[in-house]
Amino acid sequence: MTKYVYDFAEGSKELKDLLGGKGGNLAEMANLGLPVPPGFTVTTDACRAYLRGGDEPFGLADEIGLHLERLERQAGRRLGDPADPLLVSVRSGAKFSMPGMMETILNVGLSDATVAGLAAQTGGDDRFAWDSYRRLIQMFGRTVCGVPGEAFEQALDDAKRAAGTTDDLGLDAAALRGLVTRYREIFREHTGRDFPQDAREQLDQSIRAVFNSWNGERAVLYRRQEHIPADLGTAVNIVAMVFGNLGPDSGTGVAFTRDPATGAPGVYGDYLANAQGEDVVAGIRNTVPLQQLAADDKRAYDELMVIMAKLEAHYRDLCDIEFTIERGKLWMLQTRVGKRTAAAAFVIAAQLVDEGVIDLDEALHRVTGAQLAQLMFPAFDLTQAPERLARGIAASPGAAVGAVVFDAKRAAARAARGERVILVRRETNPDDLPGMIAAQGILTSRGGKTSHAAVVARGMGKTCVCGADRIEVHDGHFTVDGRTVAEGDVVSIDGSTGTVYLGAVPVQESPVVRYFEGTLSPDADPLVAAVDRILAHADKVRRLGVRANADTEDDAARARRFGAQGIGLCRTEHMFLGERRPLVERLILAGTDDERDKALADLLPLQRADFERLFEAMNGLPVTIRLIDPPLHEFLPPLDELAVRVALEESRGEPDGHDRALLDAVQRMHEENPMLGLRGVRLGLVVPGLFAMQIRAVAEATIACRERGITVRPEIMVPLVGAVQELEAVREEALRLLGSLGVQARVGTMIEVPRAALTAGEIARAADFFSFGTNDLTQMGWGFSRDDVEGAFFTRYLELGIFGVSPFESIDRDGVGRLVRIAVDEGRRARPDLHIGVCGEHGGDPASIHFFHDAGLDYVSCSPFRVPVARLEAGRCSVVATGSDSR
Ligand code: PEP
Ligand code: MG
């Protein structure tokens, strides 16, 4: 029979698929001998079975009963015992952390019969007992039974008004007792039944509510955003309650073994005396630095420091923890390998190498290309001394500028209209998630680095300033030091310093980019030193080469500074734009072979000069020149515009022969589906001399550069090939021409038409190399128009889960990826030395890079800015199997 329940003594962090992160880590701590309250975990298997069948799986109730008995023995108390009741918390805990996205019910076990027993346990603290009871009815009512939270809030406000207080603490035991009566009425009004007095029934219903919260709106949205699979389910942790709100010798806190924002060594945390954990996480009250605890309760502080050192040594990584002190006794309520900013990830990984805790392979495994990309974001340029409005806590780095919006729904709506917004809230809660996703940045007036806003923003890589407590947030405006900022006014928030500025502050390059550009030494900054070191290791271990897509010498030079090992795609069509348009028009309008040859001859020196500049910038490295791809009419004015111009000219009696000829050409060449029309190799075969002119320009540029001592490694690439015959025709002409000029170059093809992938064995015989054009391969593989579909219906497709991420962003492994694998296998079988790369957008996407590594490609080619990310990810591909971190 499936085992659905594990005591902490039976679990471990290795079982996190089954016990969730929280349950696995609680078990790990208990087994390390740390002070964890007794408890057990109901597995994700049980959740999945429940969600599939709509009922508890067979045997679960009995198993819970057995583990509950054990828990009661360990705690020395029984659930529902009026004299000395055991209270438990019921918390969700999925494999991947989903902070605040699912449900928690505290104080389960309280009832009319046990409330006095709780008071007795706490030395006659009636007020505390009734406050705990009203909290249970409120949490249980809202979470388990769907009673609207406002009904309870309203009753609480009424009670405070009647007692003449604005603070919860102003309510005495009698008032709270009255409030419990009112809460129970509210419960009955909304559910048609009484609040359950049976403790076991409370427990069972709470467990079911946590199971159900896996499919709650917030959780679904968060999973989609974070690409967490929808079918994992959550575990449920049932733990004996400990209380941080039993007076000044009690409290609760959150701490990190190193600073999660910068990676600086040393314990970092927030503490709140006489409070429950939820108060810290929700940012409801402003916390004090953890060091304050050393003054308040030295013994507990010292014990905590020993435990944190032990945890970091055990997990070999930064850990975060939640703890509670109940009347001087320290309890550990949670730990995990802590979330951190991108900068902290690099700095900590390098520190741990220095400390001898991990090796460089593991350091590389622990950072990601997405984090490196984030570090390349710009920061504010403060030379213009922008007006500082407020200062908060630097919760998640970056520089965000936008119009302030005070409501998550309005923020999402304005962002959907293309506006940049900053979501401003007193504090955020999980209902704000859509607005947080849509906003450029998040600003709150309350809460610390561990508040909901901070944790969620860091997870999303979004700029966040929180706890800017001089700001008073109202609906529609905020005030700060006598100044009012209304909805729609622009502010700039700096998530690295916590500063809030009025107006739009200009932004400047990141230090990491300055380092890549060669204007900042790696010794200048610990972050840059860490990036330099880990990237050097990535370069050492990676098998995949990294090239860049670049069409100009500036892009090429930057790509080289960023570590590119060549150019994998030069789109030559840019050389047909701008002031060269008239020449291209002449080519298109040419009525005779002579006119066409003349136009091509005029284009030749321009192309030759372009290639010379590119070859010079890439001296010694390979440069792949792709012959022209788009249809020629793309270089002519749009049909409507031209038609209107000609009609006006003719109606005025001033006909312009050139415009008329252009219009005739545009009409003649008009295509319903230009993406599937006369482009790429088809154009080269139909317009005599066009490809030949480009190939000649490559050859002449090569000769000219070599004469200047430059080492040129040219490669000629044919676009949009679908049949080997197309490639053979171009290849023959190319080799003849190159041979006649005494230049050697590799001639290869893009694989971007599905037919090319499926006949790759034949095509390889005429190709020195393949480069996957995954933009077109995705377009033609899915039948999705590249330029239209993302705006038209991808949002809906993402909502429906048809795919988790746009296939234009990250390679569709099962479909388009299959075409890639077929082409690699069949191509290499026909020609073992075939050199294979990719130059579609996917070449710079971390997840896709791992796919290309697995598929056996030789290199990826991406935009210059993504080259460092690709180098890092390519390195990670080589060490991923040996990495052994604990996440
Ligand atoms: C591609 O199709 O992936 C490609 C690189 O070519 P382009 O984007 O220029 O069509
Ligand atoms: Mg293409």
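In listed order, ligands and their atoms are each counted from 1.
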Problem set entry | Residues Arg596, Asp593: salt bridge by 4.0 Å N-O rule | yes
For this session: Go through ligand 1 atom by atom and flag the ones less than 4.0 Å from a non-hydrogen atom of Leu569.
Result: 5 (C)
Problem set entry | Ring centers of Phe803, Phe808 separated by less than 6.0 Å | no
Problem set entry | Within-shell test, Glu841 vs ligand 1, heavy atom, strictly < 4.0 Å | no
Exercise. Closest to the Mg ion (ligand 2), which N/O/S atom of Glu752 is it?
Worked result: OE1
Exercise. Name of the Asp776 N, O or S atom nearest the Mg ion (ligand 2)?
Worked result: OD2
Exercise. Between Asp629, Asn775, Leu777, which one has a non-hydrogen atom sitting closest to atom 3 (O) of ligand 1?
Worked result: Asn775
Problem set entry | Electrostatic pair Arg821:Asp825 at N-O distance under 4.0 angstrom | no
For this session: Decide, yes or no, whether a salt bridge links Asp551 with Arg571 under the criterion of side-chain N to carboxylate O below 4.0 Å.
Result: no
Exercise. Counting from 1, what ligand 1 atoms have a heavy atom of Asp776 closer than 4.0 Å?
Worked result: 1 (C), 2 (O), 3 (O), 10 (O)
For this session: Within a distance under 4.0 Å of any heavy atom of Cys839, pick out the atoms of ligand 1 and give their elements.
Result: 5 (C)
Exercise. Is any NZ, NE, NH1 or NH2 atom of the basic residue among Arg746 and Glu715 found under 4.0 Å from an Asp or Glu carboxylate oxygen of the other?
Worked result: yes
For this session: Please confirm if an N, O or S atom belonging to Asp629, backbone or side chain, lies less than 2.8 Å from the Mg ion (ligand 2).
Result: no
Problem set entry | Best match, Arg571, Gln779, Arg786: closest heavy atom to atom 10 (O) of ligand 1 | Arg786
Exercise. Which of the numbered atoms in ligand 1 are below 4.0 angstrom from a heavy atom of Glu752?
Worked result: 1 (C), 2 (O), 4 (C), 6 (O)
Exercise. Do NZ/NE/NH1/NH2 and the carboxylate oxygens of Glu728 and Arg765 come within less than 4.0 Å?
Worked result: no
Exercise. Between Arg547 and Tyr859, is NZ or CZ placed under 6.0 angstrom from the six-membered ring centre and within 45° of the ring axis?
Worked result: yes
Problem set entry | Which atom of Ser810 lies closest to which atom of Asp845, heavy atoms considered | OG-OD2, 2.8 Å
Problem set entry | Sub-4.0 Å atoms of ligand 1 with respect to non-hydrogen atoms of Met750 | 4 (C), 5 (C), 6 (O)
Exercise. Please state which protein non-hydrogen atom is closest to atom 6 (O) of ligand 1 and give its distance, to 0.1 Å?
Worked result: Arg626 NH1, 2.9 Å
